Peer 1: 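A single structure is presented below for examination.
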There are 2 protein chains.
Amino acid sequence: MNSIFSKVSYFSDLPSEDLLAIEKNAHKRVFKAEQMVVMEGDISGGMYLVESGWLKVSKLSVGGREQVLNFLGPGDVFNAIAVFTDKPNQASVIALEKSSVWWIARETISELIQTHPALAKRVISDLASRIQHLVNLVEDLSLRTIESRLARILVESMEESTVKRHKWATQNEMAARLGTVPDVLNRTLRKFVDEGLIEVKRHQIRILDLETLKLKAE
Amino acid sequence: MNSIFSKVSYFSDLPSEDLLAIEKNAHKRVFKAEQMVVMEGDISGGMYLVESGWLKVSKLSVGGREQVLNFLGPGDVFNAIAVFTDKPNQASVIALEKSSVWWIARETISELIQTHPALAKRVISDLASRIQHLVNLVEDLSLRTIESRLARILVESMEESTVKRHKWATQNEMAARLGTVPDVLNRTLRKFVDEGLIEVKRHQIRILDLETLKLKAE
DNA sequence: CCGAATCCTCGACATAAGTCGGATTTACAG
DNA sequence: CTGTAAATCCGACTTATGTCGAGGATTCGG
């Protein structure tokens, strides 16, 4: 009998009896699109694992502006920070489409870490890559223009000269990811179109001039 | 015989024989002001511990702009990420004044983590607080004005209604910390002075109107 | 105590980014 | 198929931030 957790790389090093123990202490929850899973300021003593669907981690300003810190898909873990500190959540997690997630109590994880160094290493390397991602975000926000950021994201998320867009990947969401407003993103997209760099279609963006785009991404 | 590492909270949970083992494998290095300790893009397989002095972690853009990610003082650890990933350094570390640091090889740390869950937890909570700091930085850069950021920093680093300035804390460095340029920082400082919120003196800034400042920091 | 270098101050100007009103187009429920 | 809401597009305008040039103050080594 295979636990669902066995497929998740986060727990792949654990023996199956531990996986079953986790599953026993985990609770499955399903969220509809737009629903809030974790709210900034709350104290939620546990971590989550995405089984299906997509979600976003974001911060909201008083003025209604939004900055997306991360997108989460199947297999991703979030709210891990809450397990290791007693501070309230720094960001909200919102479902972008119907999603099912598992909630695992802080104690469950905490105890396993004590006894399984391999899990501890997993957690550490996960946090380390989160830091790398955040440092990149800081670099983008502080040292690059929106044009450069957009070019970078297009180049990075490209596969076979096209960038596939999820159903929820509206210009609204993309703008929040870049740390700007929809209007400005749209303006920049159109500019790239005018310059013949890309072609914006229904659910994908086609890269026409990768070289120039890479140049703009620096 | 007490190891210097016993005073560092990072290692405080380790038995003294381990501390001595670390010290044996650690190398002390001294840097002058302005000297580069770690360079962005390099691969340095080990972590550092600050014994004395102050340093900054920062990213430089092609245009010569600088974004400080963190300041480091005695007892702080840096470059820990390099121990857990094989990616090159994302930022540079530069001494702000004469500083002495200890370098500890990746293997030394890596092995200790395997056998000492307490150390693993230390590392994890250290990384977690780094993430929190970076998330705050992202929020500042993306959702707040420079005025608001400056107000926030002044309020946070205040002690008894004054903010002490290290010798190296020039407007240049403070600007890099806020993610802007010296001119703009100066303009904002003067604006606060004009509004009667602060008083800028030799090596400290005196807070005159904490309430309004907090309001500006939101 | 003196000179040079760094740091700070200041106004004028340039520009990236944000805001606003509104016109189209597309998606989707009924 | 149809009507409504959402998403996209667009130009004109405002504003925060960055840039430049230049002068004044402070610090520090010799």
Side-chain angles (χ1 to χ4, degrees), chain A residues 32-34 60-67 96-98 140-152 163 165-195 198-205 216-218, chain B residues 32-34 60-67 94 96-98 140-152 163 165-195 198-205 216 218:
Chain A
K32 284 184 277 192
E34 309 285 297
L60 302 167
S61 80
V62 279
R65 270 283 273 295
E66 180 185 7
Q67 172 69 57
L96 290 162
E97 56 183 36
K98 191 185 173 200
D140 270 5
L141 292 170
S142 177
L143 306 173
R144 306 171 104 94
T145 63
I146 288 185
E147 202 177 318
S148 167
R149 278 179 244 169
L150 177 58
R152 198 217 288 224
V163 177
R165 297 174 64 185
H166 287 266
K167 183 176 166 298
W168 45 261
T170 67
Q171 293 191 8
N172 238 298
E173 298 299 343
M174 291 203 284
R177 176 181 183 182
L178 286 179
T180 183
V181 288
D183 273 17
V184 175
L185 171 64
N186 183 266
R187 186 191 301 165
T188 314
L189 272 174
R190 281 189 294 116
K191 194 185 169 211
F192 283 178
V193 172
D194 289 346
E195 293 173 349
I198 60 174
E199 197 181 49
V200 179
K201 289 203 288 186
R202 299 221 169 196
H203 289 293
Q204 65 177 35
I205 296 173
K216 294 208 181 223
E218 299 269 282
Chain B
K32 283 183 278 192
E34 308 285 297
L60 301 167
S61 81
V62 280
R65 271 281 273 295
E66 180 184 9
Q67 172 68 57
I94 299 166
L96 290 162
E97 56 183 36
K98 191 185 175 200
D140 270 5
L141 293 170
S142 177
L143 305 173
R144 292 161 174 275
T145 62
I146 289 185
E147 203 177 317
S148 168
R149 278 179 243 170
L150 176 58
R152 199 216 287 225
V163 177
R165 299 173 63 183
H166 288 267
K167 184 178 165 297
W168 44 262
T170 66
Q171 292 192 5
N172 238 299
E173 298 298 343
M174 290 202 284
R177 176 181 183 182
L178 286 179
T180 184
V181 289
D183 273 20
V184 175
L185 170 66
N186 183 266
R187 185 191 303 166
T188 313
L189 272 174
R190 280 188 294 118
K191 195 185 169 213
F192 283 177
V193 171
D194 289 347
E195 293 174 348
I198 60 173
E199 198 181 50
V200 180
K201 290 204 288 186
R202 299 220 169 197
H203 289 294
Q204 66 178 34
I205 295 173
K216 294 207 182 222
E218 300 268 284

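In what follows, chains are A, B, ... by sequence order, proteins preceding strands, each numbered from 1. Remember, it's a predicted structure, so these values are computed and weren't measured experimentally.
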Peer 1: Please check the phosphate of C/dC8 (OP1 and OP2 only) for any side-chain N or O of B/N186 closer than 4.0 Å.
Peer 2: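 So the side chain of B/N186 is outside the cut-off, no N or O lying under 4.0 Å from OP1 or OP2 of C/dC8.
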Peer 1: Just how far, in rounded Å, is P of D/dT17 from CG of A/L141?
Peer 2: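 Distance, rounded to whole Å: 14 Å.
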Peer 1: Please check: side-chain N/O of B/E34 versus main-chain N/O of B/L96, any donor-acceptor pairing under 3.5 Å?
Peer 2: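 No, B/E34 side chain to B/L96 backbone: no donor-acceptor pair under 3.5 Å.
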Peer 1: Closest to the B/V181 side chain: D/dT27, D/dT8, D/dG18?
Peer 2: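 Looking only at side-chain atoms, B/V181 lies closest to D/dG18.
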Peer 1: What integer distance in Å separates B/K201:NZ from D/dT27:C1'?
Peer 2: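 Nearest whole value for this atom pair: 19 Å.
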Peer 1: When you match B/R144 and B/K167 each to their closest nucleotide on DNA chain D, which lands nearer the 5' end?
Peer 2: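 Of the two residues, B/R144 wins.
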Peer 1: Do you know which of B/R177, B/R149, B/R152 makes salt bridge (Lys or Arg N to Asp or Glu O under 4.0 Å) with B/D140?
Peer 2: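 Result for salt bridge (Lys or Arg N to Asp or Glu O under 4.0 Å) with B/D140: B/R152.
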Peer 1: Output the single nucleotide from D/dG18, D/dT8, D/dC9 whose closest atom is nearest the side chain of A/R165.
Peer 2: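 Nearest nucleotide to the side chain: D/dT8.
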Peer 1: Go through D/dT17, C/dA16, D/dC9 for me and flag the one nearest to the A/R190 side chain.
Peer 2: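 Selected nucleotide (nearest to the side chain): D/dC9.
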Peer 1: Any chance you could measure A/T188, atom OG1, to A/L178, atom CG, to the nearest 0.5 Å?
Peer 2: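 Rounded to the nearest 0.5 Å, the OG1-CG separation comes to 8.0 Å.
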Peer 1: Which nucleotide sits closest to the side chain of A/R187: C/dT19, C/dC8, D/dT27?
Peer 2: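 Selected nucleotide: C/dT19.
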Peer 1: Give a yes or no on whether a salt bridge exists between B/E195 and B/K191, defined as a side-chain N under 4.0 angstrom from a carboxylate O.
Peer 2: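 Salt bridge: yes.
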Peer 1: B/T180 side chain: which of D/dG18, D/dT8, D/dT27 is closest?
Peer 2: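 Out of D/dG18, D/dT8, D/dT27, the nucleotide with an atom closest to B/T180's side chain is D/dG18.
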Peer 1: Quickly work out the B/K191 NZ to C/dC10 C1' distance and round it to whole Å.
Peer 2: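 Checked: the NZ to C1' distance equals 16 Å.
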Peer 1: Can you measure B/L143 atom CG to D/dT17 atom P for me and round it to whole angstrom units?
Peer 2: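 In whole Å, D/dT17 P lies 12 Å from B/L143 CG.
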Peer 1: Counting side-chain heavy atoms from C-beta on, which of D/dT8, D/dG11, C/dC8 comes nearest to B/Q171?
Peer 2: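 Taking heavy atoms from C-beta onward, the closest nucleotide is C/dC8.
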Peer 1: Quiz question: by atom type and distance under 3.5 Å, do the side chains of B/S148 and B/R144 form a donor-acceptor pair?
Peer 2: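 Yes, B/R144 and B/S148 have a side-chain donor paired with an acceptor closer than 3.5 Å.
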Peer 1: Toward the 5' end of DNA chain C, which comes first, A/T145 or A/H203, by nearest nucleotide?
Peer 2: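 Looking at DNA chain C, the more 5' nearest nucleotide goes with A/T145.
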Peer 1: Side chain of B/T170 only, please: which of D/dG11, C/dC8, D/dC20 is the nearest?
Peer 2: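 Ranking D/dG11, C/dC8, D/dC20 by closest atom to the B/T170 side chain puts C/dC8 first.
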Peer 1: Atom CG of A/L178 to atom P of C/dG18: distance rounded to whole Å?
Peer 2: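 Going from CG in A/L178 over to P in C/dG18 covers 10 Å.
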Peer 1: How many whole angstroms separate atom CD1 of A/I198 from atom P of D/dT8?
Peer 2: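 It is 13 Å, rounded to the nearest whole Å.
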Peer 1: What is the separation between atom CG on A/D183 and atom C1' on D/dA12, rounded to the nearest whole Å?
Peer 2: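 Going from A/D183 (CG) to D/dA12 (C1'), I get 12 Å.
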Peer 1: How close or far is atom P of D/dT8 from atom CD of A/E199, stated in whole angstroms?
Peer 2: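 Rounding to the nearest Å, CD of A/E199 and P of D/dT8 are 17 Å apart.
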Peer 1: Which comes earlier along DNA chain D counting from the 5' end, the contact point of A/L189 or that of A/S142, where each point is its nearest nucleotide?
Peer 2: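 It is A/L189 whose nearest nucleotide is closer to the 5' end.
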Peer 1: Among the nucleotides C/dT9, C/dG18, C/dC20, which one has an atom lying closest to any side-chain atom of A/R65?
Peer 2: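 Selected nucleotide: C/dG18.
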